[in-house]
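If you scroll down you'll find the structure; I have some questions about it.
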Protein chains: 4
Amino acid sequence: MSKLDKKQAILDTALTLFVSQGFYATSTASIAKQAGVATGTLFHHFPSKDELMNHLFLNIKQEFADAILASIKDSGDLKKDAKHLWTSAIQWAMDNPLKQEFFQQYSMSPSISTEIREQAMNSILGFMGALMQKGQALGLLANYPLTLMQDNSHGQFLAATRFFLDNPEKWQDPQHQEASFLLFWNAMVQS
Amino acid sequence: MSKLDKKQAILDTALTLFVSQGFYATSTASIAKQAGVATGTLFHHFPSKDELMNHLFLNIKQEFADAILASIKDSGDLKKDAKHLWTSAIQWAMDNPLKQEFFQQYSMSPSISTEIREQAMNSILGFMGALMQKGQALGLLANYPLTLMQDNSHGQFLAATRFFLDNPEKWQDPQHQEASFLLFWNAMVQS
Amino acid sequence: MSKLDKKQAILDTALTLFVSQGFYATSTASIAKQAGVATGTLFHHFPSKDELMNHLFLNIKQEFADAILASIKDSGDLKKDAKHLWTSAIQWAMDNPLKQEFFQQYSMSPSISTEIREQAMNSILGFMGALMQKGQALGLLANYPLTLMQDNSHGQFLAATRFFLDNPEKWQDPQHQEASFLLFWNAMVQS
Amino acid sequence: MSKLDKKQAILDTALTLFVSQGFYATSTASIAKQAGVATGTLFHHFPSKDELMNHLFLNIKQEFADAILASIKDSGDLKKDAKHLWTSAIQWAMDNPLKQEFFQQYSMSPSISTEIREQAMNSILGFMGALMQKGQALGLLANYPLTLMQDNSHGQFLAATRFFLDNPEKWQDPQHQEASFLLFWNAMVQS
DNA sequence: AATGAATGAGCGTTCATTCAT
DNA sequence: CATGAATGAACGCTCATTCAT
């Protein structure tokens with residue numbers, strides 16, 4: 001096993017165990033053991049358990065952001081673009097259930113330092129913010145305060161991914177998929 | 001200090017510390033010390049740290065449910081009733097910021113046993129579910145799958161309370177208050 | 001329940017629990033609870049857990065000594081008298097299995113203070129000592145050192161009661177009963 | 001201090017303290033401290049205090065069994081062989097007073113799990129059992145039930161070692177040594 | 001870089017004992 | 001005399017972290 005393999009094995013194992021047992025219930029010794037390395041090795045790659053957690057969090061956030069960024073389109077039809085974005089985001093969650101679960105569990109937990117958490121939130125909500133401002137400028141979306149709309153959308157996204165993660169077969173159902181998007185979109189529409 | 005005072009002091013201190021430091025970072029010794037009782041006293045009233053947590057959770061959930069239940073009206077105007085419900089719920093959160101914070105942190109955390117958590121969720125989401133079914137029957141709300149709508153509303157509620165808790169002065173602003181309700185209501189209306 | 005009843009209930013419960021769970025694994029709270037009294041009541045009757053234990057030990061030892069004393073005969077036939085004594089002693093153990101078990105467990109354990117233990121041993125072994133000296137004077141028993149013979153007899157008695165307590169049906173068998181006595185008696189006879 | 005040294009230091013210290021203070025009155029912290037290691041080190045080598053105890057018990061039982069096994073002879077003269085066995089067993093106890101004391105205290109105590117205790121008893125009493133059956137076949141020993149004889153011999157052995165451990169100078173006295181054996185042997189002899 | 005034995009502060013919990021009622 | 005809530009020292013044990021190899 002090469003160096004990179006060991007570091008990656010530690011990260012992979014940590015993700016699995018943090019999600020299934022929780023951060024505090026997972027000992028560094030158990031991560032090392034299940035990753036097939038010595039306890040000391042974990043601390044060669046990460047200065048502390050907290051740093052391992054933050055590293056993991058930033059890694060996953062970046063993966064998600066990259067996936068979303070790659071799926072952004074500008075077709076001229078804002079609603080269509082928004083639907084594409086919404087669907088891509090949930091699809092990523094369905095494709096990466098462990099990572100999404102990790103996000104759900106730790107994006108609001110004190111196990112992750114505040115600055116890291118906020119940094120992650122901003123970068124993701126940034127996409128949505130830009131889209132919303134565009135919609136407002138076009139008169140498609142209501143002129144609600146932007147930060148309120150952003151937080152609301154984030155809450156809807158967390159609820160939607162939790163729902164579909166718990167009921168994966170429903171994500172295959174076009175009615176559910178469509179309803180999920182409309183709940184998100186109509187909330188903001190100029191009525 | 002009377003008997004009840006000591007038990008209550010433990011519960012109050014535990015609430016404060018669990019919210020500010022997290023469950024695992026809060027030692028039973030620190031709860032006892034700050035509550036002004038001996039370590040043994042905590043275990044005289046609660047068989048374990050976990051049971052103390054569950055007790056706290058059920059207590060707060062019941063308080064919230066009682067507050068919501070007391071504010072339910074049936075005026076014949078569903079949208080008006082819904083707004084009253086929505087406003088009351090957020091108002092309770094604004095009046096009890098510590099308890100709302102506790103809810104945000106622990107309603108999805110493994111620190112609370114699954115059955116206790118689900119029991120709490122169901123009792124609260126039950127109100128919303130009934131209201132939604134009524135709205136669908138009247139043709140006011142879209143015929144989206146009920147469970148999806150419920151989870152979506154819950155997500156919006158968590159987002160709204162977090163937003164107003166972080167920006168309490170905005171809850172005084174009628175525009176924000178109105179926008180918050182419309183985001184919730186319009187998401188579900190029949191378009 | 002009268003005062004004496006409560007004190008006796010505590011002693012009875014302590015005997016049962018000390019035998020079945022051991023001294024250290026039995027909490028004073030559990031004794032009080034099972035005896036149907038408050039925790040404080042135990043400490044009204046006995047100044048400490050250790051004193052309760054010593055009290056129990058002396059009580060039982062006295063009961064045993066009384067039973068043996070009552071069964072001593074002087075028929076002129078030493079072997080017959082010895083057999084009667086031996087049989088009576090084991091019979092008492094069979095009739096009071098809990099108390100005998102208590103004896104087996106604690107007569108050598110540090111849970112009971114040394115002086116109390118020695119005091120108990122001497123009073124019981126005294127009977128045997130007198131009998132042995134008589135036998136030696138008559139030329140029936142070998143002139144082995146008296147203390148060695150006493151300790152040997154005690155060891156045989158403990159072994160015999162343990163055996164018959166574990167196999168109570170064999171105590172009904174005359175062959176076993178006779179063999180048990182002969183092992184004891186022949187060990188000491190002048191060969 | 002090497003690794004093995006530390007583990008051995010823990011075992012040695014535990015033996016001394018368990019014998020002098022008892023199992024429950026000896027804290028793991030005191031064992032570690034007196035052994036010159038950290039508390040965690042004890043638990044690095046033994047998963048729990050109970051396991052440390054069982055380990056100790058099995059170690060000592062094995063040592064004793066090995067010593068006895070090495071001293072077994074088959075000279076054709078059964079009584080002579082028996083005396084050799086008896087003397088060797090007591091000699092081991094005199095040479096290892098701490099370990100013998102440990103045996104006396106714990107071979108019947110609930111601090112050691114039942115299966116471990118029985119396993120130890122059987123392996124030791126096995127020697128005696130074989131010797132007795134041989135004696136019965138030769139018509140030298142009485143036809144008492146074998147298990148009763150075994151238990152009886154065990155009781156005599158415990159009594160003899162206790163006696164000589166408490167009075168070590170008497171083990172030097174040929175009269176005491178001879179008497180001790182005759183008490184054991186004559187008990188079983190065909191009369 | 002990798003190892004894993006060693007560390008010791010800190011944890012949740014127990015329980016003999018006290019004392020106000 | 002009886003009660004049981006309260007006490008706090010002490011327990012067995014865990015685990016993030018260090019460091020000699």
- request: Starting from the 5' end of DNA chain E, give me the residue, Ala29(C) or Phe43(B), whose nearest nucleotide shows up first.
  value: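 This one resolves to Phe43(B).
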message: Rounded to whole Å, how long is the line connecting atom CZ of Phe46(A) with atom P of dA1(E)?
response: 13 Å
- request: For Thr28(B), report the nucleic acid contact type (base, sugar-phosphate, nothing); a contact means any heavy atom under 4.0 Å.
  value: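 If one applies the 4.0 Å heavy-atom cut-off, Thr28(B) turns out to touch a base.
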- prompt: Side chains of Lys99(A) and Phe64(A): does their closest heavy-atom pair fall under 4.5 Å?
  reply: no
- line: On DNA chain F, more 5' by nearest nucleotide between Ser48(A) and Phe23(D) is Phe23(D)
query: Quick one: Lys49(B) NZ to dC13(F) P, roughly how many Å, whole number?
result: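 That distance rounds to 20 Å.
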query: Should His44(B) be listed as having a side-chain N or O under 4.0 Å from OP1 or OP2 of dC15(E)?
result: no
Donor-acceptor contact below 3.5 Å, side chain Thr13(D) vs main chain Ala9(D): yes
field: For dT21(E), the Watson-Crick or wobble counterpart (both distances under 3.5 Å)
entry: dA2(F)
message: Please confirm whether the shortest side-chain N or O distance from His45(A) to OP1 or OP2 of dA1(E) is below 4.0 Å.
response: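 Result: no.
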task: Check every strand shown and say whether Ser30(B) touches a base, only sugar-phosphate, or nothing at a heavy-atom separation below 4.0 Å.
output: nothing
Interatomic distance where NZ belongs to Lys33(A) and C1' belongs to dA5(E) [whole Å]: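 In whole Å, dA5(E) C1' lies 15 Å from Lys33(A) NZ.
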- request: Take the protein atom CG of Leu17(C) and the nucleotide atom P of dC15(E), then report the distance between them rounded to whole Å.
  value: 13 Å
- request: Nearest whole angstrom, please: distance from the C1' of dG12(E) to the CG of Asp50(B).
  value: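 Result: 10 Å.
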- request: Under 4.0 Å between any heavy atoms, over every strand shown, what does Thr41(A) touch: base, sugar-phosphate, or nothing? Just pick one.
  value: base
query: Between atom NZ in Lys6(B) and atom P in dA6(F), what is the gap in whole Å?
result: 6 Å
- prompt: For Thr39(A), which contact category applies under a 4.0 Å heavy-atom criterion: base, sugar-phosphate, or nothing?
  reply: base
task: Let me know the distance between CD1 of Ile31(B) and P of dC11(E), rounded to the nearest Å.
output: 11 Å
- request: Give the rounded distance in Å between these two atoms: CD1 of Ile10(D) and P of dC13(F).
  value: 14 Å
task: Any strand is fair game: report the nucleotide pairing with dT7(F) by Watson-Crick or G-U wobble, both distances under 3.5 Å, or none.
output: dA16(E)
query: Quick one: does Lys49(B)'s side chain get under 4.5 Å of Phe23(B)'s, heavy atoms only?
result: yes
- request: Report yes if a side-chain nitrogen or oxygen of Lys7(C) is closer than 4.0 Å to either non-bridging phosphate oxygen (OP1 or OP2) of dC1(F); otherwise report no.
  value: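 No, Lys7(C) has no side-chain N/O under 4.0 Å of OP1/OP2 on dC1(F).
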message: Both Leu42(C) and Gly40(D) contact DNA chain F. Taking the nearest nucleotide for each, which residue is further toward the 5' end?
response: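 Residue closer to the 5' terminus by nearest nucleotide: Leu42(C).
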message: Of the listed nucleotides (dT18(F), dC15(E), dG12(E)), which one gets closest to any side-chain atom of Ser27(C)?
response: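 The closest nucleotide is dC15(E).
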- prompt: Do Val37(B) and Ile31(B) touch side chain to side chain, with heavy atoms closer than 4.5 Å?
  reply: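 The answer is no, as the side chains (C-beta and beyond) never meet within the 4.5 Å cut-off.
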field: Donor + acceptor pair across side chains of Gln8(A), Asp12(A) (<3.5 Å)
entry: yes
message: Taking the cut-offs as 6.0 angstrom to the six-membered ring centre and 45 degrees off its axis, would you call Lys61(C) and Phe102(C) a cation-pi pair?
response: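 Pair Lys61(C)/Phe102(C) does not count as cation-pi.
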